[in-house]
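Report on the following structure.
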Amino acid sequence: MSGINQILLESGTNELEIVEFAMGPNKFGINVNKVREIINPVSVVPIPHAHPHILGIMELRGEVLPVISIERTLNTAQSNEPDHEKFIVAEFNQQKFVFHVHNVIQIHRISWSQIEKASDMYQGEDNPVLGIIKMDHSMILMLDFEKIITDINPQAGITIDKMQSLGERERSMKKIVIAEDSPMLRRLLKVTLNEAGFSNLTFFENGSDCLDYLHSAAKKEGSILEEVQIVITDIEMPMMDGHHLTKRIKEDATLKEVPVIIFSSLITDDLRHKGQMVGADAQVSKPEIEELVKMIDVHVK
């Protein structure tokens with residue numbers, strides 16, 4: 001499998017395609033939208049004093065890319081079938097990475113509603129598993145690849161340092177609702193948005209719970225904009241993704257006036273049209289937190 005022939009999914013259908021890959025006996029998944037191609041392993045140049053999860057660097061069509069060992073990341077045993085090992089070339093958060101896995105199995109087309117969120121008993125901020133897909137007699141674990149990258153290089157994620165470019169800011173009581181499934185990113189968003197002056201934040205772990213909250217808020221007297229001034233949503237979330245959430249908001253007569261900003265690692269030139277199709281007021285790529293703050297200022301007076 002040298003490349004990925006993606007089926008273009010209609011935006012807002014709450015569907016996705018995943019690449020299923022194996023690490024030992026366990027099966028994991030990565031969103032096809034993150035995958036650029038899948039290749040056989042090539043020569044890797046080790047980097048002295050690199051993070052232990054980094055195997056080294058490789059060259060691919062003139063680009064030098066870091067190679068990350070999912071084996072080391074998950075602390076799993078070495079493969080018994082090295083001939084099956086693959087490199088998954090991925091792009092998100094405006095960067096490219098190569099993930100070394102034991103085997104690539106197949107592509108599945110599923111609904112986000114089929115993905116159950118990880119239990120609080122074993123999720124936690126240190127666990128890279130965000131969701132679970134039940135497939136026949138097996139389970140596929142959806143990994144938090146943003147966390148994997150941030151654990152290696154914290155500066156690649158959302159940091160307070162990036163708020164400094166905005167200068168002095170006044171405190172704001174704007175009511176902001178945020179749908180984000182990653183515990184790590186919820187914490188980072190809370191810290192950085194607080195630093196930017198926003199303290200009235202309400203978080204949800206998926207689009208479904210967020211939409212229920214908005215419907216409840218819309219039943220109160222007065223305009224919905226008195227209860228919620230803006231919604232910020234990730235795209236990849238169990239139960240209901242951010243594109244479908246945005247579509248449901250914009251098609252609802254009582255909710256459509258609420259501005260929606262999509263804040264996701266999947267905001268690229270190739271995928272931006274999906275957010276436009278569902279009516280997003282703005283789209284910002286992670287980890288550009290300062291740009292997110294600017295968009296909040298633009299869309300909420």
Side-chain angles (χ1 to χ4, degrees), residues 30-31 33-36 44-60 63-75 87-100 123-130 143-169 176 178 180-198 201 203 232-236 261-269 271-272 282-297:
I30 180 172
N31 192 330
N33 283 329
K34 284 188 166 80
V35 179
R36 292 295 163 259
V44 174
V45 178
I47 300 295
H49 307 297
H51 189 281
H53 296 171
I54 297 286
L55 291 176
I57 56 175
M58 60 167 278
E59 184 178 354
L60 182 65
E63 287 188 277
V64 176
L65 305 176
V67 181
I68 298 167
S69 169
I70 297 300
E71 188 177 275
R72 296 180 185 177
T73 299
L74 300 179
N75 195 26
F87 279 2
I88 298 177
V89 183
E91 182 176 10
F92 54 91
N93 280 7
Q94 305 178 39
Q95 299 179 76
K96 286 185 180 178
F97 313 91
V98 179
F99 296 109
H100 184 195
Q123 185 183 31
E125 194 171 305
D126 292 331
N127 194 315
V129 175
L130 284 178
L143 291 178
D144 186 347
F145 285 91
E146 286 85 353
K147 172 177 168 47
I148 289 171
I149 297 303
T150 302
D151 284 348
I152 294 171
N153 178 19
Q155 290 304 310
I158 297 169
T159 64
I160 288 183
D161 297 354
K162 296 176 180 178
M163 293 293 96
Q164 295 175 354
S165 65
L166 299 176
E168 286 283 331
R169 293 180 55 83
I176 301 175
I178 302 170
E180 169 59 66
D181 64 327
S182 167
M184 176 195 72
L185 289 175
R186 286 198 301 272
R187 177 181 61 79
L188 291 175
L189 279 170
K190 184 176 187 299
V191 170
T192 50
L193 289 178
N194 282 170
E195 181 70 15
F198 304 116
L201 309 174
F203 285 90
I232 299 168
T233 180
D234 188 15
I235 293 177
E236 300 179 282
I261 299 176
I262 297 178
F263 184 54
S264 168
S265 63
L266 295 178
I267 304 301
T268 64
D269 291 341
L271 297 174
R272 189 174 293 273
Q283 300 179 78
V284 179
S285 175
K286 292 176 180 173
E288 302 300 328
I289 187 68
E290 67 273 33
E291 184 63 22
L292 176 63
V293 170
K294 291 177 183 177
M295 287 297 100
I296 297 173
D297 290 341

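As the structure is a computational prediction, the values presented were derived from the model and not from experiment.
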(request) Output the distance between atom OG1 (Thr73) and atom CD1 (Ile148), rounded to the nearest 0.5 Å. (result)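 One finds 5.5 Å between OG1 of Thr73 and CD1 of Ile148.
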
(message) Rounded to the nearest 0.5 Å, what separates atom CD in Glu59 from atom CG in Leu65?
(response)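 Taking CD in Glu59 and CG in Leu65, the distance rounds to 9.0 Å.
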
Suppose we screen for salt bridge (charged side-chain N to carboxylate O under 4.0 Å, His left out). Which residues come up paired with [X], at least two apart in sequence or across chains?
X      : value
Glu195 : none
Asp144 : none
Arg169 : Asp297
Glu63  : Lys96

(request) List the steps and the verdict of side-chain contact (heavy atoms from CB on, under 4.5 Å) for Phe198 and Leu189. (result) CA-CA 10 Å; Phe198 304 116; Leu189 279 170; over 6 Å; no

(message) Testing Ile235, Ile261, Ile267, Leu266 one by one against Gln283 for a side chain to side chain contact (heavy atoms under 4.5 Å, CB included), which residue passes?
(response)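 With Gln283 as partner, Ile235, Ile261, Ile267, Leu266 yield a single side chain to side chain contact (heavy atoms under 4.5 Å, CB included), made by Ile267.
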
Minimum heavy-atom distance between [X] and [Y], given as atom pair plus value:
X      : Y      : result
Ser265 : Glu236 : OG-OE1, 4.1 Å
Met295 : Ala282 : SD-CB, 3.8 Å
Ile30  : Ala90  : CD1-CB, 4.4 Å
Asp151 : Pro154 : O-CD, 4.5 Å

(request) Could you pull out all residues at least two apart from Phe203 that satisfy ring pair (Phe, Tyr, Trp, His ring centres under 6.0 Å)? (result)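 So Phe203 forms no ring pair (Phe, Tyr, Trp, His ring centres under 6.0 Å) with any residue.
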
(message) So, using ring pair (Phe, Tyr, Trp, His ring centres under 6.0 Å) as the criterion, who are the partners of Phe263 when residues are at least two apart?
(response) none

(request) Fit a plane to each ring of Phe92 and Phe97, take the angle between them on a 0 to 90° scale, and name the class: parallel (under 30°), tilted (30 to 60°) or perpendicular (over 60°). (result) tilted

For the residue pair [X] and [Y], establish whether any side-chain heavy-atom pair is separated by less than 4.5 Å.
X      : Y      : answer
Leu292 : Ile289 : yes
Ile54  : Ile68  : yes
Val44  : Phe87  : yes
Ile232 : Ile296 : yes
Leu74  : Leu143 : yes

(message) I need the single residue from Arg187, Lys286, Lys190, Arg186 that forms a side chain to side chain donor-acceptor pair (under 3.5 Å) with Glu180. Which is it?
(response)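 It is Lys286; the other options fail the test.
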
(request) Just do the salt bridge (Lys or Arg N to Asp or Glu O under 4.0 Å) check on Glu146 and Lys34 with the steps written out, would you? (result) CA-CA 11 Å; Glu146 286 85 353; Lys34 284 188 166 80; 3.5 Å; yes

(message) Please evaluate residues Glu291 and Ser285 with respect to the criterion side-chain contact (heavy atoms from CB on, under 4.5 Å), reporting the C-alpha separation (whole Å), side-chain torsions for both, the decisive distance (0.1 Å), and the verdict.
(response) CA-CA 9 Å; Glu291 184 63 22; Ser285 175; over 6 Å; no

(request) Report yes or no: does Asn93 contribute a side-chain atom to a donor-acceptor pair with the main-chain N or O of Gln95 at less than 3.5 Å? (result) no

(request) Take Val98 and Leu55, measure what side-chain contact (heavy atoms from CB on, under 4.5 Å) needs, and give me the verdict at the end. (result) CA-CA 10 Å; Val98 179; Leu55 291 176; over 6 Å; no

